[in-house]
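In what follows, every chain begins at residue 1, and chains take the letters A, B, ... in the order their sequences are listed.
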2 protein chains.
Amino acid sequence: MPNTKNLDPAASVEHAPRAAEKILNVARDLFYRQGIRAIGVDEIVKTAGVTKPSLYRSFSSKDDLTASYLKQYDREFWERFDEAVAAHPGDPRAQVLAFLARVGKRSQKASYRGCGLTNAAVEYPEHDHPARIVSEENKRELRRRLRAMAKAMGAAEPDMLGDGLLLLLEGAYISAQLFGTGGPARAVARNAELLIDASLA
Amino acid sequence: MPNTKNLDPAASVEHAPRAAEKILNVARDLFYRQGIRAIGVDEIVKTAGVTKPSLYRSFSSKDDLTASYLKQYDREFWERFDEAVAAHPGDPRAQVLAFLARVGKRSQKASYRGCGLTNAAVEYPEHDHPARIVSEENKRELRRRLRAMAKAMGAAEPDMLGDGLLLLLEGAYISAQLFGTGGPARAVARNAELLIDASLA
DNA sequence: CTATCATGTTACCGATCGGTACGTTGCGTT
DNA sequence: AACGCAACGTACCGATCGGTAACATGATAG
């Protein structure tokens, strides 16, 4: 429920609250770049050019807004993932490598700060926190898919390879923000290639 | 400067403020388990059984206390790293694998929440923040050493392998807290083994 | 024209944030 | 015994936290 107050979704599509959209866009940007705990609701509404009650009419709490941001991030993540998959039909090795190459490329941009879902999980260790629930679900599914793709590649130990690819990916996310341009994240696709080929033998 | 108020280190070793030690121990525990931004100074002093002025007599600010915590974490990190190195003299491959195996093992404990330095860098994106400075320095040195070890192994592309090992390690840190027991972090040493051997060919 | 209702605004809440002024206590020195 | 001084505690600061009550506005439907 990104918007728990919308009782009639069909009607609200037409003239959806302009404020809610602006708020979510601003929150998305600030949360990603500076961290969720670091950003207060005052800064969000100020940047969005709206006021606090506008925020709390569309989102029941800051946690709800946070979860909405992460759910949007989750959707866009799978769009990017599925793009890489669709680009290489029937070739899971190329699919994974295409996705990792794209992450490696994005990781070299100065504005890149890794995966918003991963970062949120670091910020919120409590397992029942709305933000963490979204993140964990995304990562569970990602693990499932990577393992399935490793199996489709014909790996000797598909779960081992799938987990290895996940480790490389998460490592790239984190290294990107630790090292910035020129960091190890650049090497993620090449290392994945080596690991995959070593796992197929 | 973990303790900016200590003007005479030699003398303060003997009868250092009892409160400062308790505070640092408590901060270390709370910061690691719950995150730095999530913990207020009030909670630290309350848990430590002291009062706020005692904290601010030994640490000039919360950021200073945070940096002290991370510097201690950094020291203990290199102790663990050097233990693995010392266990396999002249065998960089075994050194790396021993360290990663240990991380993989620790990652299965419920209380494990990855690397405190990595987590701090996620919490503090600003490059001039005291916490981030300590973290970035640690990671730069770690990258340098892993690349040197990859070179000593005789890797065809030592920087590539060193970065790959760093990606696996950071991925293990993050995956440990994302998935907990049974997560992909368990597979870090085995995947590193495959990657190393593939890089030596 | 007017009643309706979602959206927007002003002004405020108690709680907690990091941080401090100032008085008290306890111990070693002479 | 009286001093000196470092370490400790009480009580407080302004700022900001997430969140809300009450009112204004503006488009739409009858």
Side-chain angles (χ1 to χ4, degrees), chain A residues 3-27 30-31 34-69 120 123-124 126 129-131, chain B residues 3-27 30-31 34-69 120 123-124 126 129-131:
Chain A
N3 191 331
T4 58
K5 300 279 180 69
N6 263 352
L7 300 177
D8 188 358
S12 67
V13 169
E14 293 282 333
H15 43 83
R18 290 69 91 186
E21 204 172 333
K22 283 194 288 183
I23 288 167
L24 191 53
N25 282 337
V26 167
L30 294 179
F31 282 165
Q34 302 183 230
I36 299 167
R37 293 197 114 116
I39 298 296
V41 292
D42 290 282
E43 192 166 349
I44 292 173
V45 298
K46 185 182 161 195
T47 307
V50 299
T51 55
K52 262 196 280 190
S54 293
L55 191 158
Y56 283 97
R57 261 187 289 269
S58 295
F59 306 93
S60 63
S61 63
K62 187 195 175 185
D63 284 351
D64 184 33
L65 172 60
T66 300
S68 295
Y69 150 62
E123 286 199 81
Y124 294 95
E126 318 96 35
H129 193 283
Chain B
N3 190 330
T4 58
K5 299 281 179 68
N6 265 350
L7 301 176
D8 188 359
S12 67
V13 171
E14 291 283 332
H15 44 82
R18 289 71 91 186
E21 203 173 333
K22 283 195 289 183
I23 289 167
L24 192 53
N25 282 335
V26 167
L30 295 179
F31 282 165
Q34 300 183 231
I36 299 167
R37 294 197 115 116
I39 298 296
V41 292
D42 290 283
E43 192 167 348
I44 292 173
V45 299
K46 186 182 159 195
T47 307
V50 300
T51 56
K52 259 198 280 191
S54 291
L55 191 159
Y56 283 97
R57 261 185 292 270
S58 296
F59 306 95
S60 63
S61 64
K62 187 196 176 184
D63 284 350
D64 184 33
L65 172 60
T66 301
S68 295
Y69 150 61
E123 286 199 82
Y124 293 96
E126 318 96 35
H129 192 283

Closest to the [X] side chain: [options]?
X	options	result
T51(B)	dG18(C), dC8(D), dG18(D)	dC8(D)
V41(A)	dG19(C), dG9(D), dG18(D)	dG18(D)
S54(B)	dG8(C), dG9(D), dT20(C)	dG9(D)
K52(A)	dT10(C), dG9(D), dT20(D)	dT20(D)

Short side-chain to backbone donor-acceptor contact, [X] and [Y], under 3.5 Å:
X	Y	result
Q34(B)	I39(B)	no
K22(A)	V45(A)	no
T66(A)	K62(A)	yes
E123(A)	G35(A)	no

For [X] and [N], what is the distance between atoms [atom1] and [atom2] respectively, to the nearest whole Å?
X	N	atom1	atom2	value
K22(A)	dT9(C)	NZ	C1'	13 Å
Y56(B)	dC13(D)	OH	P	17 Å
L30(B)	dG18(C)	CG	P	12 Å
F59(B)	dG18(C)	CZ	C1'	15 Å
R57(B)	dG18(C)	CZ	C1'	16 Å
D42(B)	dG9(D)	CG	P	14 Å
E43(B)	dG18(C)	CD	C1'	14 Å
R37(B)	dG18(D)	CZ	P	12 Å

Inset, instruction - Would you indicate what I39(A) reaches in the nucleic acid, counting non-hydrogen atoms under 4.0 angstrom: base, sugar-phosphate, or nothing? - result: sugar-phosphate
